[in-house]
Amino acid sequence: MFIARFLLRRLLQGTLIVFLVSAIIFTLLRVVPGDPVRLMAGGMAPEALIEQIAEDMGLRDPIYQQFGRYVGGIVQGDLGQSFVRPANGASVGGASFDDNTRSERAQVWDLIADTAPMTLQLATVAMIFALTIAVPIGVWGGLKPGKFPDRFALYLSSVFVSLPNFWLGIVLALLVSVKLNLLPAIGYDGFAYTILPALVLAVEIAPFIIRTLTGSVANVMSQNFIDMAVVRGLTRSQIIFRHALKNSAVPLLNLLGVQFSMLLGGVLVIEFIFDYPGLGLLTINAVMQRDFPLIQGIAIVTAAAFVVINIVVDLCATAIDPRLEY
């Protein structure tokens, strides 16, 4: 019964969040300068044709009417069609306003479905790399607060935080790919192309995991029940794995949920540097081309993913510590 109430409440909250995100993005896109219809019709199209296309598409209607139609489409599972991407897969339609292929627009759902698995793969690999780096260092530092392991964790996380991801991405691409020829860097033609961008993202995420684990493990190890566990005759390994790590898992889980959500919606720079065909690169191209439906669709899908991830994280945290209430 608790889970049913929890899911119902969080789904209602999530629906409100997605609605507000879509409303804000929709409004902002229509008040910024520029006319996407000119991109659709081509630079040589006459002004009368541009106005006719805009009228036919309803882009000259009041914003609230346009948004109402858009929400009606979302309810039916339709995110609309791209303004500039034809269904044949090209990034931009023909340059001539009388290009017949321009009428065959790609569905926003299809474009997102093609690129989202790539970003999901990149985010998952990056998270695995980050946990592999951060968990041993964070736990080690938390078990010895104020000593060398704790200072090492602090210094390493400070160095990682100080490295700009765009700079690290360029350096790794030049060193590992160009100079040493160990891994491919640009584009995507197999899993190997995911490793370098994932490593850059892992370096960006790892400091937060290290500091969270160091602090939470140190806090748990200073609690009274740890002293009682020693009195009961538990070994240090049993104390660490049965008590310290378990009780430190909740703040770590919350952090991982936030970081993974950010990875799904915020890897623009890294995907652009490595020309990685994910949601980030798709978003950059959509913004540059003023492709309103595609930008809106990506924002809505990202917001929905953020809501779902947070619901899953809260359920997992409650399973680990039943005392928690959400």
* Asked: Would F19 and F67 satisfy ring-ring contact (aromatic ring centres under 6.0 Å, His included), going step by step from the backbone distance to the final call?
  -> CA-CA 11 Å; F19 175 80; F67 183 66; 5.7 Å; yes
* Mind checking whether V203 and F129 have side chains closer than 4.5 Å, heavy atoms only? -> no
* Mind listing the closest non-hydrogen atom pair of Y188 and T194 along with its distance? => CE1-OG1, 3.4 Å
* In terms of ring plane angle, is the pair F83 and F292 parallel, tilted or perpendicular, where the classes change at 30° and 60°? -> tilted
* **Sub-4.5 Å side-chain heavy-atom contact between R290 and I295** => no
* **Check: Q121 and Y276 side chains under 4.5 Å, non-hydrogen atoms** => yes
* Measure across L213 and A134 and return the closest heavy-atom pair with its distance rounded to 0.1 Å. => CD1-O, 4.4 Å
* Asked: Do L7 and V312 sit in the same hydrophobic cluster, where Ile, Leu, Val, Met, Phe, Trp and Tyr count as joined when their side-chain heavy atoms come under 4.5 Å apart?
  -> no
* Under a 4.5 Å cut-off applied to non-hydrogen side-chain atoms, are I273 and V200 in contact? -> no
* Trace of the side-chain contact (heavy atoms from CB on, under 4.5 Å) decision for L263 with I205 -> CA-CA 9 Å; L263 284 176; I205 300 169; 3.3 Å; yes
* Structure fact -> All heavy atoms of V108 vs all of L79, minimum pair found to be CG2-O, 3.7 Å
* Residue pair N310 / R10, side-chain heavy-atom distance below 4.5 Å -> yes
* Asked: In terms of hydrophobic clustering (I, L, V, M, F, W, Y; side-chain heavy atoms under 4.5 Å; direct or indirect links), are L20 and I298 co-clustered?
  -> yes
